[in-house]
Amino acid sequence: MASAVLTLPLLLLPSCLKGEIDDLEVWKAENDKWLEDTDFSGYERVAPSWAPQNFIYIKWHNDRKLTENNLVPMSTSTVKTKYEMEDINGKRLGNSYAASTGDSVFQTIPKNTITGFGAALTMMHVGDSVTIVIPYNSAYGSKTQGSIQPYTNLIYHTKLKEIVAYEKPL
């Protein structure tokens, strides 16, 4: 009798996993289609020289002539930024208000973030406000990160507030 009780959960496990895998395949296809169908006019498609296959889209919301003489962080700089992050359906996934070091500011080092966010930060001048679209292969790819599902394209609304430490490359 004990073996029959153990067998039932084991029989159900593969069907549960198949459902989750099917859901992920649908989500991946939705994110791929969204990238294909979205009009990115007004955005600049860029890829960092150190990861040319990891492109992102950036749309600046400020007059860049006003910030062009401000510092641009290196990948090893410590920066302060404000951000909100969402998925392709507008679901809020995170923000600097929850990960704050005061005044709703998130302090980080670009090379310690996901590839797409780090790349965007190193292309911004202090004071720039942008929307960044990060395809999932430049974000978390096929991995789950907290509440972020695998294959999720991320949309960041961010402002580079300050460079706390302008480090030299290693």
Side-chain angles (χ1 to χ4, degrees), residues 12-62 72-125 128-162:
L12 294 176
L13 186 62
S15 64
C16 292
L17 290 176
K18 182 170 178 6
E20 288 178 22
I21 291 169
D22 290 344
D23 290 347
L24 282 179
E25 288 176 8
V26 168
W27 180 241
K28 181 180 185 290
E30 285 178 30
N31 278 269
D32 288 337
K33 183 158 179 38
W34 183 86
L35 274 178
E36 283 178 31
D37 294 348
T38 299
D39 177 12
F40 288 107
S41 57
Y43 284 78
E44 184 179 342
R45 184 180 183 199
V46 293
S49 59
W50 41 269
Q53 72 283 5
N54 291 100
F55 69 90
I56 58 175
Y57 297 96
I58 300 178
K59 181 178 187 177
W60 275 266
H61 299 293
N62 58 286
V72 174
M74 292 185 280
S75 64
T76 55
S77 298
T78 302
V79 301
K80 287 186 176 182
T81 183
K82 287 189 176 193
Y83 75 89
E84 292 184 338
M85 176 181 47
E86 61 190 40
D87 68 13
I88 62 172
N89 295 322
K91 178 183 174 188
R92 302 259 182 221
L93 299 172
N95 60 57
S96 58
Y97 311 104
S100 177
T101 58
D103 191 29
S104 305
V105 174
F106 174 62
Q107 185 169 302
T108 191
I109 298 170
K111 73 174 188 158
N112 294 346
T113 66
I114 58 173
T115 301
F117 192 60
L121 288 172
T122 60
M123 294 176 197
M124 297 171 65
H125 292 88
D128 283 343
S129 293
V130 300
T131 297
I132 312 159
V133 175
I134 305 174
Y136 61 79
N137 63 343
S138 297
Y140 296 106
S142 62
K143 295 184 172 92
T144 300
Q145 178 65 32
S147 64
I148 302 170
Q149 297 183 72
Y151 308 112
T152 299
N153 298 325
L154 299 176
I155 302 157
Y156 277 83
H157 307 282
T158 190
K159 180 171 186 163
L160 181 58
K161 298 289 289 178
E162 178 182 352

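Please read these numbers as outputs of a predicted model, since none were measured by experiment. In what follows, residues are counted from 1 in the order of the sequence shown.
The CE atom of Met123 sits 13.5 Å away from the CG atom of Leu160 when rounded to the nearest 0.5 Å. Atom CG of residue Asn62 and atom CE of residue Met124 lie 8.0 Å apart, to the nearest 0.5 angstrom. Interatomic distance, Gln149 CD to Asp87 CG, rounded to the nearest 0.5 Å: 8.0 Å. Considering NZ of Lys111 and CG of Leu121, their distance stands at 14.5 Å, rounded to 0.5 Å. The line from CD1 of Ile56 to CG of Leu154 is 11.5 Å long, rounded to the nearest 0.5 Å. The distance from atom CG of Leu93 to atom CD of Glu84, rounded to the nearest 0.5 Å, is 11.5 Å.
In this structure, Tyr83 and Phe106 have perpendicular ring planes: the angle between them is above 60°, well past the 30° mark.
In the displayed structure, Lys82 atom NZ is contacted under 6.0 Å by more than 12 heavy atoms of other residues, nucleotides or ligands.
Side-chain N/O atoms of Asp32 and Tyr151 include no donor and acceptor closer than 3.5 Å.
Of the possible donor and acceptor atoms, one in the side chain of Asn54 sits under 3.5 Å from a partner among the backbone N and O of Asn137. With Thr122 contributing its side chain and Met74 its backbone, the two residues share no donor-acceptor pair below 3.5 Å. When atom types are taken as modelled, the side chain of Ser138 and the backbone of Ile134 share no donor-acceptor pair closer than 3.5 angstrom. Proximity of a side-chain donor or acceptor of Ser104 to a complementary backbone N or O of Ser96 within less than 3.5 Å is not detected.
The closest side-chain heavy-atom distance from Lys161 to Thr81 is not below 4.5 Å.
Using a cut-off of 4.0 Å between Lys/Arg side-chain N and Asp/Glu carboxylate O, Glu86 and Lys91 are scored as not salt-bridged.
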Check the pair Tyr156 / Ile114 against side chain to side chain contact (heavy atoms under 4.5 Å, CB included), numbers first and verdict last. CA-CA 12 Å; Tyr156 277 83; Ile114 58 173; 4.0 Å; yes
Test side chain to side chain contact (heavy atoms under 4.5 Å, CB included) on Ile88 and Thr38 and set out the steps. CA-CA 10 Å; Ile88 62 172; Thr38 299; over 6 Å; no
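Checking each of Val130, Leu35, Asn153, Val46 against Tyr57 for a side chain to side chain contact (heavy atoms under 4.5 Å, CB included) leaves exactly one that passes, namely Leu35.
Nearest heavy atom pair, residue Val133 against residue Ile155, reads CG2-CG1, 4.4 Å. Between Ser77 and Pro110, the shortest heavy-atom distance links the atoms O-CD, 3.0 Å. Of all non-hydrogen atoms in Gly118 and Thr113, the two that sit nearest each other are N-OG1, 3.1 Å.
Among residues two or more places apart in sequence or in another chain, the salt bridge (charged side-chain N to carboxylate O under 4.0 Å, His left out) test is passed with Lys59 by none.
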